[in-house]
Structure formats: structure tokens, C-alpha cells
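In what follows, a structure is listed as C-alpha cells, so that the remarks can point back to it.
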2 protein chains.
Amino acid sequence: MSRKPFETSVAELTQSLGLLIRRVRAATDNHELSLTESMVLARLDQQGPLTTAELARIESMKPQSMGATVGALEEAGLVQRTPHPTDGRQLLVSLTTKGAEMRRAFKDAKRSWIANAISQLDKQEQETLFAAGEILRRLAEQ
Amino acid sequence: MSRKPFETSVAELTQSLGLLIRRVRAATDNHELSLTESMVLARLDQQGPLTTAELARIESMKPQSMGATVGALEEAGLVQRTPHPTDGRQLLVSLTTKGAEMRRAFKDAKRSWIANAISQLDKQEQETLFAAGEILRRLAEQ
DNA sequence: TATTGTTATACTCTATAACTATA
DNA sequence: TATAGTTATAGAGTATAACAATA
């Protein structure tokens with residue numbers, strides 16, 4: 001196979017990411033959760049109740065921005081805020097029954113177009129994608 | 001190697017993409033070009049002068065949105081608009097000298113944090129990333 | 001009638017700044 | 001003094017709607 005120049009490959013990757021970002025945003029308009037909202041539900045599902053500040057740190061966002069996201073999820077009835085037992089400043093965010101159901105639906109790969117699309121790729125392409133995901137995470141955290 | 005459940009891998013990939021999107025946006029604030037602006041410059045560099053409507057189709061955006069992007073690039077002196085020789089409705093967007101210089105700088109992988117970061121990965125990781133880029137583009141266009 | 005482009009307006013996501021309450 | 005959270009405001013990126021000019 002003939003190798004492309006490095007810059008061409010980077011340009012193509014950048015373009016793919018750009019298209020994907022807009023595709024994700026478009027899906028959001030279609031009554032799906034936003035990327036950040038999905039990420040928050042997944043975190044709460046995996047790690048149990050967390051505070052807004054903790055969620056912000058995990059997702060590399062400002063606490064005020066995460067506050068808005070959590071507020072939207074709360075308004076949608078997917079999460080609830082309860083006072084921290086010992087620290088009066090903190091509010092613990094946790095999944096509601098409806099939020100937990102939403103997560104299960106996502107895991108079925110039926111409700112999220114991206115999970116659904118990935119599930120239709122062959123095994124090797126899925127492996128490539130997941131491996132790239134880990135590399136991209138390292139890049140993002142740099 | 002122990003395989004993770006599919007849903008876990010999808011969740012991790014989604015999280016990586018989310019972090020990356022925010023990282024790209026943060027870089028934009030630091031006087032770098034936005035992702036879309038970079039994509040437009042790359043297109044014009046590769047394919048020569050194009051109209052706003054053509055650029056919009058290529059990038060899966062509405063012509064009005066692309067008009068704003070092109071307007072920003074024009075204000076920055078990176079592109080110019082010239083009347084189409086035969087079709088009075090169209091304006092051809094092309095790189096200015098300054099815009100062409102900007103593209104060369106990007107190709108040096110010094111000005112763009114993402115190109116720079118990728119250049120520091122080992123060859124195999126770069127291959128994985130570029131292969132994933134092609135898969136992601138297919139997903140985005142679905 | 002279809003297409004190119006412009007202008008006006010609005011929405012989402014995230015940021016900064018200023019504040020209160022608690023530790 | 002530091003941390004958790006809220007509220008107000010702003011900016012970037014994109015969308016929809018309504019319009020003018022040209023094909």
C-alpha cells in the first residue's frame with residue numbers, strides 16, 4: 001500500500017473529526033442527549049453519585065458549565081441532586097430511575113446512532129476505532 | 001488481552017471524542033483557527049477556488065453557516081472573494097498570500113497542536129489513528 | 001422556478017466574572 | 001482562605017427564515 005504524506009493524513013483525520021462533530025451535534029437536535037449529557041450519565045452509572053465539581057474535573061469543564069449540563073439533565077428528570085451527608089456545601093448528583101433506564105437503552109445500542117453505527121462495523125474496524133479512542137484520549141489530555 | 005464489553009468500549013470512545021472536542025475548542029480560543037476554518041483553508045489549498053455553497057456541501061453545513069466562516073476568514077485576510085467569470089450569482093473563494101502561508105505553517109506541524117501531538121506518536125499509533133479517521137468519516141457520512 | 005448569497009434572529013455549549021454559603 | 005454552588009453575561013458555531021439578485 002502506498003503511504004500518503006503525513007500532512008495529508010492529518011488533514012484527512014481533521015476533516016473526519018470535523019464532520020463527526022457536526023454529525024453528533026445534528027443528532028442532538030433530534031431529541032437525543034448531547035455528547036456531554038451522555039458522558040455524565042455514563043459516569044454516574046459507572047462511578048455512582050458525584051458532585052458537579054467532580055464531574056467538571058473528570059470532563060475537563062468549568063464547574064459553572066457542568067452546572068448547566070446537570071441542570072438540564074435534572075430538568076429532564078434523568079438525575080437528582082441530594083445534599084451531601086457531611087459537607088453542607090456539596091450536592092450529590094445521582095441517576096433517577098428514568099436516568100438509569102435511559103442508560104440501559106443506550107447500552108442496547110438502539111437509541112444512540114453512534115453506538116448503533118459502530119455495532120454494524122466488522123470486528124476489526126471496531127478494534128481499530130477503540131484503539132484510536134485511547135490514543136485520542138491521551139492527545140486530548142495533553 | 002481481555003476484551004471489554006462492547007458498550008464499555010463505545011462509552012470510552014464517546015468520552016475520548018468529547019474530551020477531544022473540548023480540547024480543540026480550547027485551542028481555538030488560543031488564537032488558533034477553528035476546526036472548520038482549518039478545514040476550509042485545507043480544501044481551498046487542495047482543490048483551488050470554490051464557492052461558499054460548494055464549501056458548505058463538502059463540509060455538511062448550511063450555506064449561511066459557511067458564509068459566516070468564510071466571512072471570518074476574509075476578515076482575517078486569509079481568503080478573498082472574487083466574482084465568478086460567467087455566473088453573476090457566484091463568488092469564488094480563494095486563498096490569499098497570507099492564507100497560503102498559513103497553510104504552509106500548518107503543514108510544518110508546528111502551529112497546530114493536534115498535528116504536533118500526532119507527529120510525536122510512534123508510527124504504529126499514527127497508522128491506527130489515520131485508519132480510524134477513515135472509519136469515522138464513513139460513520140459521519142451515514 | 002432553482003440557485004447563490006445576505007441579513008436577521010435564535011439556540012446550544014462553554015467560558016469568565018461576581019456572588020453566597022459552608023468548611 | 002479555599003471550595004461548592006448559583007446567577008448573569010458573553011462568545012463561538014451553527015441553524016432557520018425571509019429576502020434580493022441572477023440563472
Side-chain angles (χ1 to χ4, degrees), chain A residues 14 17-40 49-76 79-94 140, chain B residues 14 17-40 49-76 79-94 140:
Chain A
T14 301
L17 287 174
L19 291 177
L20 190 70
I21 289 171
R22 280 195 289 276
R23 181 68 172 76
V24 167
R25 193 148 33 204
T28 297
D29 295 342
N30 258 16
H31 303 304
E32 279 194 23
L33 294 176
S34 77
L35 192 53
T36 302
E37 288 167 349
S38 302
M39 289 165 80
V40 167
L50 295 166
T51 66
T52 298
E54 286 167 337
L55 285 167
R57 275 191 292 271
I58 291 172
E59 307 295 356
S60 297
M61 286 171 62
K62 297 296 166 191
Q64 299 96 315
S65 303
M66 183 55 79
T69 299
V70 169
L73 287 171
E74 188 176 37
E75 204 166 331
V79 305
Q80 59 201 348
R81 286 190 255 213
T82 52
H84 190 283
T86 64
D87 188 333
R89 295 169 305 181
Q90 297 184 41
L91 288 172
L92 281 170
V93 181
S94 57
Chain B
T14 302
L17 286 174
L19 291 176
L20 190 71
I21 289 170
R22 280 195 289 276
R23 181 69 172 75
V24 167
R25 191 148 36 201
T28 297
D29 295 342
N30 260 16
H31 303 304
E32 280 194 21
L33 294 175
S34 77
L35 192 53
T36 303
E37 287 166 352
S38 303
M39 288 164 80
V40 167
L50 296 166
T51 66
T52 298
E54 286 166 336
L55 285 167
R57 273 190 293 270
I58 291 171
E59 307 295 356
S60 298
M61 286 169 63
K62 297 295 164 189
Q64 298 98 313
S65 302
M66 183 55 79
T69 299
V70 169
L73 286 171
E74 188 176 38
E75 203 166 330
V79 305
Q80 60 201 347
R81 285 190 256 212
T82 52
H84 190 281
T86 63
D87 189 333
R89 294 169 304 180
Q90 297 184 40
L91 289 173
L92 280 171
V93 182
S94 58

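Scope of the values below: all heavy atoms of this structure, side chains included, with no hydrogens, waters or symmetry mates. Naming: A, B, ... by sequence-line order, numbering from 1 per chain.
If you measure from atom CZ of B/R22 to atom P of D/dG11, you get 22 Å, rounded to the nearest angstrom. At whole-Å resolution of the value, CD in A/E37 and P in C/dC11 are 16 Å apart. Computed from coordinates, the A/R23 CZ to D/dT14 P distance equals 16 Å when rounded to whole Å. Regarding B/Q90, its CD atom lies at a distance of 9 Å from the P atom of D/dA23, rounded to whole Å. If you measure from atom CD1 of B/I21 to atom P of D/dG13, you get 14 Å, rounded to the nearest angstrom. As a whole-Å value, the separation of B/M66 CE from C/dG5 P is 11 Å. As rounded to whole Å, 12 Å separates atom P of C/dG5 from atom CD of B/E74. Taking atom NE2 on B/H84 and atom P on C/dT3, their separation rounds to 16 Å, with Å as the unit.
Side chain of A/S34, nearest nucleotide from D/dG5, C/dC13, D/dA15: C/dC13. Comparing C/dT14, D/dA4, C/dT6 by their closest approach to the side chain of B/R81 singles out C/dT6. Nearest nucleotide to the A/Q64 side chain, out of D/dG5, D/dG13, C/dA17: C/dA17. Distance from the side chain of A/R89 is smallest for C/dA23 among the nucleotides C/dA23, D/dT14, C/dG5. Side-chain proximity of B/T36 to the nucleotides C/dG5, D/dT14, D/dA4 is greatest for D/dT14. In the set D/dG5, D/dA23, C/dA15, C/dA15 carries the atom at the smallest distance from any side-chain atom of A/S65. Closest to the B/K62 side chain, of the nucleotides D/dA15, C/dT14, D/dA23, is D/dA15.
Residue A/G88 is classed as a sugar-phosphate contact, given heavy-atom separations below 4.0 Å to backbone atoms only.
Residue whose closest nucleotide on DNA chain C sits further toward the 5' end, between B/R57 and A/L33: B/R57. Place A/R25 and A/T52 on DNA chain D by their nearest nucleotides, and A/T52 ends up nearer the 5' end. Nearer the 5' end of DNA chain C, as judged by each residue's closest nucleotide, is the contact made by A/L35, out of A/L35 and A/D87.
Considering only heavy atoms from C-beta on, B/V40 stays 4.5 Å or farther from B/I58 through its side chain. Side-chain contact between B/V93 and B/E74 is absent, with no heavy-atom pair separated by less than 4.5 Å. When side chains are defined from C-beta on, A/L91 does not count as touching A/T52, because their heavy atoms never get closer than 4.5 Å.
The nearest pair of heavy atoms linking B/E37 to B/A72 is OE2-CB, 3.7 Å.
No hydrogens or angles considered: a donor-acceptor pair under 3.5 Å links the side chains of B/T36 and A/R22.
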